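Quick notes on the structure that follows.
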Protein chains: 2
Amino acid sequence: MFEARLKSFFEDAGDGTPSARVVRLLRERGTLSATEIARLTGLAKSTVSMTLAELRRSDIVIEKASSETGRGASVGRPATALMLNPKVGTCVGVLFGLEAIQLIVADVSHRVISDRKVQIEPDYSPAEAAALTRRLIDEAYEEHGLAPEGRLGVGVAVAGPINPVDGRVLRASGVPTWAGTDIRATFGPVLKSPIFADNESNCAAIAEMMWGAAIGVEDFVFFKIDLGVGGAIVNRGHVVRGIAGSAGEFGHMMIDPAGPLCRCGNRGCLELYASARTALADTERRLGRPFDMDGLVALARGGDEPSRRQIAEMGEAAGKGLAIIGTAINPALVVLGGRMPLAGDMLLGPLSESFERHTLVKRAEIAPEARTRFVPGVFTDNDACLGAVGLVLRHHGRPG
Amino acid sequence: MFEARLKSFFEDAGDGTPSARVVRLLRERGTLSATEIARLTGLAKSTVSMTLAELRRSDIVIEKASSETGRGASVGRPATALMLNPKVGTCVGVLFGLEAIQLIVADVSHRVISDRKVQIEPDYSPAEAAALTRRLIDEAYEEHGLAPEGRLGVGVAVAGPINPVDGRVLRASGVPTWAGTDIRATFGPVLKSPIFADNESNCAAIAEMMWGAAIGVEDFVFFKIDLGVGGAIVNRGHVVRGIAGSAGEFGHMMIDPAGPLCRCGNRGCLELYASARTALADTERRLGRPFDMDGLVALARGGDEPSRRQIAEMGEAAGKGLAIIGTAINPALVVLGGRMPLAGDMLLGPLSESFERHTLVKRAEIAPEARTRFVPGVFTDNDACLGAVGLVLRHHGRPG
DNA sequence: CCGTATTTGTTCTATGATGAACTTATTAAG
DNA sequence: CTTAATAAGTTCATCATAGAACAAATACGG
């Protein structure tokens, strides 16, 4: 029932009418009060009030149950929390990982309705991915009684940079068979939805910005330490994509011209030193059985010196890379994502020490509020998939 | 006569009234047609028309002499070029260099009225700088019959990062005696004007964006190769300053942990390999007489192998640094500033070759329009000082 | 328990930005 | 030389937006 009207809001780019701006803001933020909406849109309180009256009458905007409302301990009349009516629409986020596909369905009030992960044969093709995704989406919508017509879009997180103008995968470092794929053309007809595609690290950064460790922070760097090293740059609240879509590929910054060959073809990439891949291979060789990151961390926690040293060396290298990034970009915040930061101080101690040693402006030289803060990410495993949902909720223009 | 009215436009932050927006846009851009103003402000043609009628009646906006108007070879009624009345106000830009102060006075129509440079004893203090600047400004205003009350602000370009919140110099790599100086507090009372301060590389980037090689480009990196190496990042048309103001300090990205000690205290900074300082010192030692960059380039042009090799090595190192920046930021454009790019292909050949070798995404892999373009800067010696004028013309909020 | 301070949210009217239709100024084509 | 096409700039009635004043809902201090 909402589709026709909402579609007009949803497609409205630019500043648009107050209604469109209010709906867009609620889509981005989830829950807000009328006063916050006025402040964030720059509209007058009176305009927002009128607009909200109309939107509430047509049931597009509803009040959040007061029990869920954050208990404001401040004086003054308490704000009524508003959100989009969940029935107004649903968003899908998909992450195409190395050997698994994760799919999250959420409604426009930011509530996650379904979250599942299925294994898939490595080196699967985009077409296979599209077919499987279609099945997963249909199953999820069926299971939860959701109307397919209410689907506002599908966000796609891919393990490689995507050209922001033509929407093609540049080089999928994680899934090489995807190079050159036109995501919109491949997935649009199969999924019968507007498609919003982005790199998985960019998606993860969006998740941290919308719901995680970077809420309210407009300038930060997301730095992922996992099997590989990746990242994203957020400036003034926008993900920096770069002219070819490859911004934030921190793992392939060259830090030693004489270093070993990287899978990207260059030598001495940061990833070779700061990711878990090398350490895992070493450990497997040393102990004669396969290891994942949890296993490596457990081993180190158990007191195994070689793995402790390896994790420390990863931190040391990551800190060096972050010092280079910090010198160039000087972000307010670094969010450390991926699974390795779960190792805690074993990794983060050497990391911050190394950062401090290699950075231009030393901690002691500047006021505390001018220092780059380091925090672990809130999401570890489903950051990219959540961010793909965020892509749909946040989009301001046409699908892309 | 204009001061009172203009001040209200000038101080108006945020979106403001149509008049304020039109005046601000003209201040930033210099010359525009009514239609361009409508497009750039997002206001309706009718609104712009009414606003301009008012502004022209009060002589704040005037027509540019048609002879100067760019001969548009297109069909349709030709646009009338509009600009702010030069009498409306003047802006000053000052650059505090190692051993010279440069001062440019311009009016709000973007015409340079005075441009001069005076030598000063190295290691001069901020107070001395303020006193001398005061004298230079008074002389220039006297000489050209300008009213001091019409001065809208003084832009200050400093050879070191400036904390964007408190306006203090972090560490003046070029002029170390300035560390900790509060620019506004030091210069404001002496110059009796609003002060707008920024790092010299940020200023240079602004000059290239407003009048130089980056006109119309919203995402670019400015990379200076001179006695030192510096730079700036522009994203979505805004200079990225960073939380402490030290963004863009490319010269101190660490590229070799085992490298020699840098004047910043760290080891193996890019500047040690990519700036002219080392090469000049070597050449001076080798030939037993002092050299500047022009001399080094002339020597190399004359066929001197050692200096050719040194310039090529500088290019090689700069390309390596730019590859790191490109991998992290992936800008649409790199503007090469400073005096070394005047060496031409001797430097730029090895530079782009090295960039290509060390970068993640290779030229051949992407569409031409997705490639990072390299261009030399339009200004070499007065980029920073012009940019300081631009700081005043462009400012959107309070002095800072 | 009650008034004061404080913040949220609504009502109403004057204003001012807008869009549609129009005029003006030019190039290109017949 | 006339007409069509194109783009710039203007005029004016209309309606959406904003500002000020007001109403509602809470905390706090005495």
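Quick caveat: nothing in here was measured; it's all calculated off a predicted structure. Reminder, nothing fancy here: chain letters follow the sequence lines and each chain counts from 1.
Residue A:Leu52 contributes atom CG, which lies 17 Å from atom P of D:dA16 at whole-angstrom precision. As a whole-Å value, the separation of B:Arg39 CZ from D:dA8 C1' is 13 Å. If you measure from atom CZ of A:Arg56 to atom C1' of C:dG9, you get 10 Å, rounded to the nearest angstrom. Atom CG in A:Leu40 sits roughly 15 Å away from atom C1' in C:dT8 (whole-Å rounding). With rounding to whole Å, A:Met50 atom CE is found 10 Å from C:dC12 atom C1'. Residue B:Leu55 contributes atom CG, which lies 16 Å from atom C1' of D:dG9 at whole-angstrom precision. Here the P atom of nucleotide D:dT10 and the CD atom of B:Glu54 are 14 Å apart, to the nearest Å. Atom-to-atom, CD1 of A:Ile37 to P of C:dT8 comes out at 13 Å; the value is rounded to the nearest Å.
An end-to-end axis angle of 10° holds for the helix from C:dC1-D:dG30 to C:dG30-D:dC1, taken from five base pairs per end and rounded to 10°.
Looking at the side chain of B:Arg77, the nearest of the listed nucleotides D:dA8, C:dT10, D:dT10 is D:dA8. Considering only the side chain of B:Thr80, D:dG9 comes nearest among C:dT26, D:dG9, C:dT11. You'll find that the side chain of B:Val75 is closest to D:dT6, out of C:dT6, D:dT6, C:dT8.
Among A:Thr90, A:Leu26, A:Leu84, the one residue that satisfies the side chain to side chain contact (heavy atoms under 4.5 Å, CB included) test with A:Val108 is A:Leu84.
With no hydrogens or angles considered, a side-chain donor-acceptor pair links B:Ser193 and B:Arg151 at under 3.5 Å.
Using a distance-only test at 3.5 Å, with no hydrogens or angles considered, a donor-acceptor pair links the side chain of B:Asn85 to the main chain of B:Asp59. In this structure, A:Asp219 contributes its side chain and A:Arg236 its backbone to a donor-acceptor pair below 3.5 Å. A distance-only check finds a donor-acceptor pair linking the side chain of B:Arg27 to the backbone of B:His395 [under 3.5 Å]. B:Thr372 contributes a side-chain N or O that, together with a main-chain N or O of B:Pro331, makes up a donor-acceptor pair within less than 3.5 Å. Remark: side-chain polar atoms of B:Arg21 are paired, donor with acceptor, to backbone N or O of B:Thr41 under 3.5 angstrom. The backbone N or O of B:Ala213 lies less than 3.5 Å from a partner atom in the side chain of B:Glu208, making a donor-acceptor pair.
Around CZ of A:Arg371, the count of heavy atoms belonging to other residues, nucleotides or ligands within 6.0 Å exceeds 12.
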Measure all distances between protein nitrogen or oxygen atoms and nitrogen or oxygen atoms of nucleotides 19-21 of chain D, and list the pairs falling under 3.5 Å.
| from | atom 1 | to | atom 2 | distance (Å) |
| --- | --- | --- | --- | --- |
| D:dG19 | N7 | A:Ser46 | OG | 3.3 |
| D:dG19 | O6 | A:Ser46 | OG | 2.8 |

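For the pair B:Leu82 and B:Gly76, both in contact range of DNA chain D, the more 5′-proximal nearest nucleotide belongs to B:Gly76.
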